Structure formats: C-alpha cells, structure tokens
Peer 1: 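First the structure, which I've put down as structure tokens, then a few questions once you've had a look.
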2 protein chains.
Amino acid sequence: MRTPLDPDMFDPVCPSGLSPIRIGDKWAGMIVRCLEHGPRRFSELRVPLRGVTAKALTKSLRTLERDGLVHRASHPGPGRRVEYALTPLGHSLLAPMAAACAWAQEHWEELLDAREASPHG
Amino acid sequence: MRTPLDPDMFDPVCPSGLSPIRIGDKWAGMIVRCLEHGPRRFSELRVPLRGVTAKALTKSLRTLERDGLVHRASHPGPGRRVEYALTPLGHSLLAPMAAACAWAQEHWEELLDAREASPHG
DNA sequence: CCGTATCCTCGCCGATACTG
DNA sequence: CAGTATCGGCGAGGATACGG
C-alpha cells in the first residue's frame with residue numbers, strides 16, 4: 001500500500017491563505033501538492049483538505065482536469081474507485097509552486113508583522 | 001525623467017488570466033511588476049492596467065500596503081502627487097513571480113490546447 | 001490628481017439533502 | 001464511494017457619481 005496522506009499537511013500553522021501567491025482557486029494548490037507523489041482517490045483528498053465539501057473538491061478537480069493539469073481515471077465496479085493524478089503539465093507546476101512556498105515560509109512572519117502594524121490590521 | 005510604463009505591457013497576447021498562478025487579487029501581480037524598476041504614481045499605474053477603476057486600484061494598493069509589500073508616499077501641495085514603491089519585502093516577491101511567469105510563458109499554449117480539447121472547452 | 005461613496009451583478013464556496 | 005441538486009451568504013470587482 002502507498003503512504004497515506006498526512007491529515008495535518010495543511011494545518012494552518014503557517015496560514016497559507018496569508019501568502020499573496022495562489023494557485024488556481026482555493027483548493028487547487030493543495031490538491032496539486034497532494035498528488036505530487038502519485039495518484040490519489042477522491043476520498044483520500046478530502047482528508048488533508050479539511051472542511052472541503054464534495055462540491056468544491058469536484059469543481060476544483062474538474063477545472064484542473066479541463067486545463068490538462070490533472071488526469072481522472074474511473075475504475076468501475078462495486079466499491080467504485082476514482083483516481084486523480086498529475087499530468088506531466090501538472091507536474092511541471094511543482095517547480096514554480098516550490099518557489100512560491102519557499103517565499104511564503106521565509107516571509108509570512110514579516111507579512112503578519114506588517115498587518116499588525118498597519119492601521120487596517 | 002524616468003521611462004514611462006509601456007501601455008501594452010499587459011496586453012493579453014499571452015492571457016495571464018489563463019495561468020493558475022496568481023499573486024494576490026486581480027491586479028496585485030501587475031502592480032508589483034509595474035513597480036519593479038522604481039516608484040510610480042497612481043495615475044501612471046492606471047495606464048498599463050487598462051480598464052482598472054480607481055476603486056479597484058486603490059483597494060489593491062491598500063492591501064499591498066497593509067501587507068508591507070508596497071510603500072505609499074504622499075507629497076502634498078497643489079498638483080498633489082502620490083507615489084507607490086516596492087518595499088524590500090515586496091521586491092523579494094519578484095523572484096517567485098519570475099518563476100511563475102516563466103512557467104506561464106512556457107506552458108500557456110498547452111493550457112489552451114487542453115481547454116479546447118476538453119468537453120467543457 | 002487622487003481618491004471615496006453607492007449601487008449592482010456575478011460567481012465562489014459552504015450547508016444540506018439526495019443518488020447510482 | 002463519488003459524486004449531483006439546491007439554496008443562500010458573502011465578497012470581488014465594475015459603473016457611476018461625487019469630494020478634497
């Protein structure tokens with residue numbers, strides 16, 4: 001079996017919503033990172049993306065699929081299984097995303113400080 | 001005098017709205033790039049950001065200011081002048097943004113192809 | 001010149017219930 | 001398990017008018 005996704009991988013210790021850098025919609029960036037090391041099932045993705053509704057996850061995945069970043073494979077039968085995986089194009093997104101994540105990790109404290117010092121906190 | 005901003009610098013030949021990578025809100029990324037080589041006045045920014053309303057530009061600038069990415073300097077007097085400039089923190093954003101732009105320029109045709117090939121166009 | 005003040009529309013996204 | 005259907009709140013952002 002493959003390694004399960006860490007349920008806390010998006011625990012907002014460093015709140016990623018703080019970073020000005022965003023990938024696609026609210027969930028797209030996190031989805032791509034979940035798929036970094038191989039395909040994942042719909043229900044697997046829901047674990048680390050705490051609070052995502054089926055509707056929102058579906059919509060995000062459909063957009064990623066439409067743009068050729070993610071591939072959807074449906075294996076029918078009882079106990080149906082659907083797997084999502086990065087395409088080569090989707091995989092190529094990981095490099096700029098790494099740069100974005102590195103920036104956020106280096107600077108999110110400065111961002112927080114600036115916000116608190118600001119009159120509009 | 002400093003070089004004026006190219007009015008066509010965001011002419012959507014390669015539609016940047018296509019890229020899944022975004023900086024802040026709709027205008028923030030373009031603003032940062034406009035400020036890359038030095039301070040700019042409010043009205044200067046409106047030229048390349050065609051179609052931006054004063055309200056939208058103000059809001060975007062206020063957010064960038066609150067987050068410590070942009071500094072606002074108001075020089076009073078008749079024929080009032082307000083200039084916006086990147087802070088060091090804002091300047092540090094240019095590196096990950098360059099990675100994002102490079103990705104978009106390399107892959108936007110693949111994105112378009114994928115969209116057109118998709119049932120949901 | 002540099003904004004603010006209103007009004008309006010549109011689409012994201014959560015909540016909830018339901019289906020093959 | 002992997003979605004779809006429906007409702008509704010909320011905020012982004014454009015249009016327009018006005019103010020210091």
Side-chain angles (χ1 to χ4, degrees), chain A residues 1-2 4-5 10 12 15-18 20 22-31 34-35 39-67 70-85 119-120, chain B residues 1 4-5 10 12 15-18 20 22-31 34-35 39-67 70-85 119-121:
Chain A
M1 67 167 281
R2 68 191 158 210
L5 288 171
F10 298 118
S16 63
L18 203 67
R22 308 198 61 86
I23 311 290
D25 62 23
K26 182 175 181 180
W27 305 103
M30 290 185 263
I31 292 171
C34 286
L35 300 178
R40 295 292 180 178
R41 305 180 59 170
F42 188 84
S43 50
E44 268 182 299
L45 292 172
R46 300 195 65 177
V47 178
L49 275 45
R50 268 178 304 229
V52 72
T53 60
K55 176 189 162 191
L57 180 54
T58 299
K59 193 189 179 205
S60 216
L61 285 167
R62 292 280 182 277
T63 302
L64 290 167
E65 195 189 357
R66 185 201 56 174
D67 286 352
V70 159
H71 174 73
R72 178 178 181 276
S74 175
H75 309 270
R80 169 183 175 199
R81 206 172 84 242
V82 177
E83 289 202 320
Y84 294 90
H120 283 277
Chain B
M1 67 168 279
L5 288 171
F10 299 118
S16 62
L18 203 67
R22 306 198 62 86
I23 311 291
D25 63 22
K26 182 175 181 181
W27 306 102
M30 290 184 263
I31 292 171
C34 287
L35 300 178
R40 295 292 180 177
R41 305 181 58 171
F42 188 85
S43 49
E44 268 182 299
L45 291 172
R46 300 195 66 178
V47 178
L49 275 46
R50 269 178 304 229
V52 73
T53 60
K55 175 188 165 191
L57 181 54
T58 300
K59 191 187 180 203
S60 216
L61 285 167
R62 291 282 181 278
T63 301
L64 290 166
E65 195 189 358
R66 185 201 57 173
D67 286 353
V70 158
H71 176 73
R72 177 178 182 277
S74 176
H75 309 271
R80 170 183 174 198
R81 206 172 83 244
V82 178
E83 289 201 319
Y84 294 92
H120 283 277

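If you're wondering where the values come from, they're calculated on a predicted model, not measured in any experiment.
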Peer 1: To the nearest Å, how far apart are B:Leu49 CG and C:dG3 P?
Peer 2: 15 Å

Peer 1: When you measure from the side-chain N and O atoms of A:Arg50 to the phosphate of C:dG14, is any distance below 4.0 Å, counting only OP1 and OP2?
Peer 2: no

Peer 1: Could you give the NZ-to-P distance, from A:Lys59 to D:dA5, as a whole number of Å?
Peer 2: 15 Å

Peer 1: To the nearest Å, how far apart are B:Leu57 CG and D:dA12 C1'?
Peer 2: 15 Å

Peer 1: Is there a side chain to side chain contact (heavy atoms under 4.5 Å, CB included) between A:Leu57 and A:Ile31? Walk through the geometry before answering.
Peer 2: CA-CA 9 Å; A:Leu57 180 54; A:Ile31 292 171; 3.7 Å; yes

Peer 1: Can you tell which of A:Arg40, A:Arg46, A:Arg41 makes a salt bridge (Lys or Arg N to Asp or Glu O under 4.0 Å) with A:Glu44?
Peer 2: A:Arg40

Peer 1: Starting from P on D:dA2, measure out to CG on A:Leu61 and report it in whole angstrom.
Peer 2: 11 Å

Peer 1: Roughly how far, to the nearest 0.5 Å, is NE2 of A:His71 from CG of A:Leu35?
Peer 2: 12.0 Å

Peer 1: B:Arg72 has an atom CZ; how far is it from atom P of C:dC1, in whole Å?
Peer 2: 16 Å

Peer 1: Quickly work out the B:Arg81 CZ to C:dG3 P distance and round it to whole Å.
Peer 2: 13 Å

Peer 1: Rounded to whole angstroms, how far apart are CD on B:Glu83 and C1' on C:dG3?
Peer 2: 16 Å

Peer 1: Give me the atom names and distance for the closest heavy-atom approach of B:Val82 to B:Arg80.
Peer 2: CG2-NE, 4.1 Å

Peer 1: Below 3.5 Å between N/O atoms, which protein atoms pair up with nucleotides 16-20 of chain D? Just atom names and distances, please.
Peer 2:
| residue | atom | partner | partner atom | Å |
| --- | --- | --- | --- | --- |
| D:dG20 | N2 | B:Arg80 | NH1 | 3.2 |

Peer 1: Rounded to whole angstroms, how far apart are CZ on A:Arg22 and P on D:dA12?
Peer 2: 12 Å

Peer 1: Any idea which of D:dA2, C:dG14, D:dG13 is nearest the A:Trp27 side chain?
Peer 2: C:dG14

Peer 1: Contact class for A:Arg46 vs. all strands (heavy atom < 4.0 Å): base, sugar-phosphate, or nothing?
Peer 2: nothing

Peer 1: Select from B:Arg62 and B:Arg41 the residue whose nearest nucleotide in DNA chain C is closer to the 5' end of that strand.
Peer 2: B:Arg41

Peer 1: Step by step, would you call B:Leu45 with B:Leu61 a side chain to side chain contact (heavy atoms under 4.5 Å, CB included)?
Peer 2: CA-CA 10 Å; B:Leu45 291 172; B:Leu61 285 167; 4.2 Å; yes

Peer 1: So, taking the atom named CZ in B:Arg22 and the one named CG in A:Asp25, what distance separates them when rounded to the nearest 0.5 Å?
Peer 2: 11.5 Å

Peer 1: Kindly calculate the angle separating the two end axes of the helix from C:dC1-D:dG20 to C:dG20-D:dC1, each obtained from five base pairs, and round it to 10 degrees.
Peer 2: 50°

Peer 1: Is there a side-chain contact between B:Phe10 and B:Cys34 in this structure, where contact means two heavy atoms from C-beta onward sitting under 4.5 Å apart?
Peer 2: yes

Peer 1: Rounded to the nearest 0.5 Å, how far does CH2 of B:Trp27 lie from OG1 of B:Thr58?
Peer 2: 12.5 Å

Peer 1: Any idea which heavy atoms bring A:Ala28 and A:Ser60 closest together, and the distance?
Peer 2: N-OG, 3.6 Å

